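Contents: one structure, followed by commentary.
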Amino acid sequence: MIPTLVHGLQPRITPHHMGVIIAILLVSLFRPTDSQLLPCRDDEITFALTQCDDANGQWRVPIPYNKSINCIPKGKPPLRIQNCETSCPAGFSYNLANLNCTQCAPGTYSVGNSQTYDEWSVLPPGFHSQSSGFGGLEAGSSADQAAKGTCGPKTWLPRGDFISLEETEGCSSALTLQVDIVQNGGYVEFEYQFPDSSTMFTFSANSHECRSTVTGGDATVDTLRLVPDHTVRSSWLAAKLDLPRGKFTLMWLGISMINMRGSSYNPVRIRRVQVVGVKYSKSCNECPAGTFSRAGASRCEDCPLNQVSTRKGSGICIVCPDHQYALPGFLQCFDRIPCTTSDYIRRVGPCSADYQNADITYEWISPKICSDAGVVLPPASQIPCPRCNPGFYRHNVSTCSACDPGKFLNANGICAACDGGTSPAYKYEITNWTYLPNNIDAFCWNNSALGCANDGGWQLNGDSITTGYGHEDDVLLVMQMFTGGFRKVIQQKYFGQLSFDFELVCKSPQCQVNLTLRHTDTYSLTDTDLDK
């Protein structure tokens, strides 16, 4: 305790107090003054910029590299910079020491005067997520506070290649990011999926101060807003909003309507956000492991097939030995196992000109990762020209078509007119899976380039269709049947009936089959369409 002088009293000083006073004096005596500090070495100095002033200028000032360095940056006085709009192109960073743009070294990258977010393993720095009921988003509310109410903390969830909106019904969820646009021509652009009509999805840029409209009108506006268009199926769309100079809070807001969500919910997804017009990059970023970059790169690239990079900041990729393989972006090589019958697929070609035979060929699933120590590809062969499904006739060597309206396929395989007073019994009966019927669409969807073993994803086996082999665990295999509608009641209140045989054999514990029925205006199939 340091003694304190109280009016009218004489402080009592003990030897212990004397030691405290002497220690304080010694610290004061030996604290170096500015005149006693040594000049900083070049490697002990960094530079900082002041805020832009009303004259569109700023100062560059030298400062010690960190707080533990006691030195004076002599010989480097503050420098006036007359233009705040200095920028560097992608692949360069701005060197404050030399006041010029420096090319990024191999293994690093820079996006120039923009910020790009396309990695969603975790919520990127600067982003915030919050949820609340329809009463509104309270400023400063946190996930812990949201968890105490009706709406839980699960709102915008990072999913690796994208971030997904997965809120509960009756909740509004906001994803926000603050940006500072310092250059003219700024904008924000993002890629998204918005397929579900039970969710309201909007994007806005809220200015930190009112400003004139971009169009030059007399009114003032503090919010710029757009409503993204709905997406179809698994497609991605890009939305763009121009931003004037200033500070903004970007907000992606999703509201899940009550009692409107169907049994199959398709969440809103965002996979890439780019903000253009921000300050230049002060340094180049290291590429993550599994990727590489050349000098002056604006982004990192996955290492090619059968090549890897095992550390951050790699400018090259290492080729795997012949007995090992690696898919693009892998961090290590893996041993090839002997090939099996699951490593190749069968292709059925069109029928011959006389409709007698069809060729069968086999090919390895690409990319081939098994070793030649196992099975080999079967030789090409021929089978009888596959028969069409009931109600369809052979239109040409590769397709089958439905009979014209009012006709049916008789026992001789000829489309014949119905007798007077009768009409065809319309139905789809598919028993032959050599070719994909015209009203069925089958595809494989995944964010990564190599998640699906092939574009179609499904494998036609003649008497069945399967999801095939070689897919990653996170793929979505979709088969859709489109109909032209239902004509009359067939049983009580039902207009149609669907029946199918299936088998589910999976190694992954998350494998499942979903069946949905959806009305759509984006695809309309009529009997005439089947003839095309």
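Keep in mind the model is a prediction, meaning the values are calculated, not measured.
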Looking at every non-hydrogen atom in both residues, tell me the closest pair between [X] and [Y] and how far apart they are.
X: Leu460; Y: Trp433; result: CB-O, 3.1 Å
X: Pro386; Y: Asn432; result: CB-ND2, 3.9 Å
X: Leu409; Y: Phe392; result: CD2-O, 3.2 Å
X: Pro321; Y: Cys333; result: CD-SG, 4.5 Å

* Could you verify whether a donor N or O on one side chain and an acceptor N or O on the other, from Ser110 and Asn285, lie under 3.5 Å apart? =>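 Note: Ser110 and Asn285 side chains miss the donor-acceptor criterion.
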* Distance-only donor-acceptor check, side chains Asn389 and Glu429, under 3.5 Å ->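 No donor-acceptor contact under 3.5 Å links the two side chains.
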* Asked: Taking only residues at least two apart or on different chains, which pairs with a member in residues 313-327 satisfy salt bridge (Lys or Arg N to Asp or Glu O under 4.0 Å)?
  ->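 Every pair satisfying salt bridge (Lys or Arg N to Asp or Glu O under 4.0 Å) with a residue in residues 313-327: there are none.
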* Can you list every pair that meets salt bridge (Lys or Arg N to Asp or Glu O under 4.0 Å) and has a residue in residues 355-364, with sequence neighbours left out? ->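 Counting only pairs at least two positions apart or across chains, the salt bridge (Lys or Arg N to Asp or Glu O under 4.0 Å) contacts touching residues 355-364 are Arg347-Glu363.
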Tell me if the [atom1] atom of [X] is crowded by more than 12 foreign heavy atoms within 6.0 Å.
X: Arg294; atom1: CZ; answer: no
X: Met481; atom1: CE; answer: yes
X: Lys312; atom1: NZ; answer: no

Mind checking the [atom1]-[atom2] spacing from [X] to [Y]? Nearest 0.5 Å is all I need.
X: Met251; Y: Gln178; atom1: CE; atom2: CD; value: 10.5 Å
X: Tyr109; Y: Ser293; atom1: OH; atom2: OG; value: 9.5 Å
X: Glu301; Y: Ser309; atom1: CD; atom2: OG; value: 11.5 Å
X: Ile255; Y: Thr202; atom1: CD1; atom2: OG1; value: 6.5 Å

* Beyond-backbone contact of Ile383 with Asn357, side-chain heavy atoms, under 4.5 angstrom ->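 Heavy-atom side-chain distance check fails, nothing below 4.5 Å.
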* Is the distance between the ring centroids of Phe190 and Tyr117 less than 6.0 Å? ->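 Between Phe190 and Tyr117, the centre distance exceeds or equals 6.0 Å.
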* Validation row, ring centre Phe162 to ring centre Trp120 under 6.0 Å ->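 Not under 6.0 Å, so no.
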* Among Val275, Val276, Val188, find the one that has a side-chain contact (heavy atoms from CB on, under 4.5 Å) with Ile181. =>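 Result: among Val275, Val276, Val188, Val275 is the only option passing the side-chain contact (heavy atoms from CB on, under 4.5 Å) with Ile181.
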* Arg271 to Trp236 six-membered ring, cation-pi geometry met (6.0 Å, 45°) ->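 Yes, Arg271 lies over the aromatic ring of Trp236.
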* On the 0 to 90° scale, with breaks at 30° and 60°, tag the Phe194-Tyr192 ring pair as parallel, tilted or perpendicular. =>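 Tilted.
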